[in-house]
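Heads up, the thing below is written out as structure tokens.
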Amino acid sequence: MPTENKTIQIHYELHDNLETLPKAFQSLILSARDIALQAYAPYSLFNVGAAILLENGSVVTGNNQENMAFPSGLCAERVAAFYAGAQYPDQKFKAIAISVKAEKFEVDQPLAPCGSCRQSLLEYELKQNELIDIFLSGQTGPVIHIKGVQSLLPLHFIENRLKKS
Ligand code: THU
């Protein structure tokens, strides 16, 4: 078989600011920006906030929690997702907003989640069989809207035979 060249494209919306978004998502982004301010990030001085909107309308927030033994800390997205998974195991994630505030410079551009957070969020999306809306932004500036964690993690790890039959 001849070698095939394949391309994967992802689609996203770029908003100049949050005002062009529905109110529920604007408020989710503001929650992510607020909770970033309470991050425990004394080593990186880089505060990340995540806010998850559940299908029952509850909002679960989280921020990065660092540790002097560096790998022991956890990113904001997973703090929020694991808390939501623990407290509301049957609630679908409708949307997640992620924002950042650095102590030494102004963040006015969106930040995208790290690979481990993408893999963790993907698990919830596959489990609920419904795409999660993702909103990425700095403390100010443009907002990226991506429909589905799968768009952020093409060619992801998925192996159904790992499930018990
Ligand atoms: N961080 C997050 O909270 N989310 C990400 O997606 C990437 C990085 C945190 C981890 C660490 O506390 C700080 O940002 C600097 O890497």
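Both ligands and their constituent atoms are indexed starting at 1 by order of listing. The first residue in the sequence is number 1, and the count goes up from there.
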Basic-acidic side-chain contact under 4.0 Å: Lys101, Glu106: no

Interfacing atoms of ligand 1 (cut-off 4.0 Å, heavy-atom, Glu66): 11 (C), 12 (O), 13 (C)

Test of proximity, Pro113 against ligand 1: N or O pairs below 3.5 Å: no

Considering only heavy atoms of Glu77, which atoms of ligand 1 have at least one such atom less than 4.0 Å away? 2 (C), 3 (O), 4 (N), 5 (C), 6 (O)

Is it the case that ligand 1 has an N or O less than 3.5 angstrom from some N or O of Ala76? yes

Could you check Lys92 against Leu53 for side-chain contact (heavy atoms from CB on, under 4.5 Å), going step by step and ending with a plain yes or no? CA-CA 9 Å; Lys92 291 181 178 172; Leu53 175 65; over 6 Å; no

Crowded around Glu103 CD? As in, over 12 foreign heavy atoms under 6.0 Å? yes

Protein heavy atom under 4.0 Å of atom 3 (O) of ligand 1: yes

Tell me, which protein residue and heavy-atom name are nearest atom 9 (C) of ligand 1, and how many Å apart are they? Asn64 ND2, 3.5 Å

Looking at Cys75, Ala102, Ala112, the heavy atom closest to atom 8 (C) of ligand 1 belongs to Cys75

Determine whether Lys94 and Glu55 satisfy the following criterion, salt bridge (Lys or Arg N to Asp or Glu O under 4.0 Å), listing intermediate values before the conclusion. CA-CA 6 Å; Lys94 301 300 288 178; Glu55 62 179 340; 5.7 Å; no

By number and element, which atoms of ligand 1 are closer than 4.0 Å to a non-hydrogen atom of Phe46? 14 (O)

Take atom CG in Asn56; do more than 12 heavy atoms of anything else shown fall under 6.0 Å from it? yes

With a 4.0 Å heavy-atom cut-off (strictly under), which part of Ser44 contacts ligand 1: side chain, backbone, both or neither? side chain

Apply side chain to side chain contact (heavy atoms under 4.5 Å, CB included) to Ala69 and list each qualifying residue two or more places apart in sequence or on a separate chain. Asn67, Ser72

Counting heavy atoms not belonging to Glu123, are there more than 12 under 6.0 Å from its CD? no

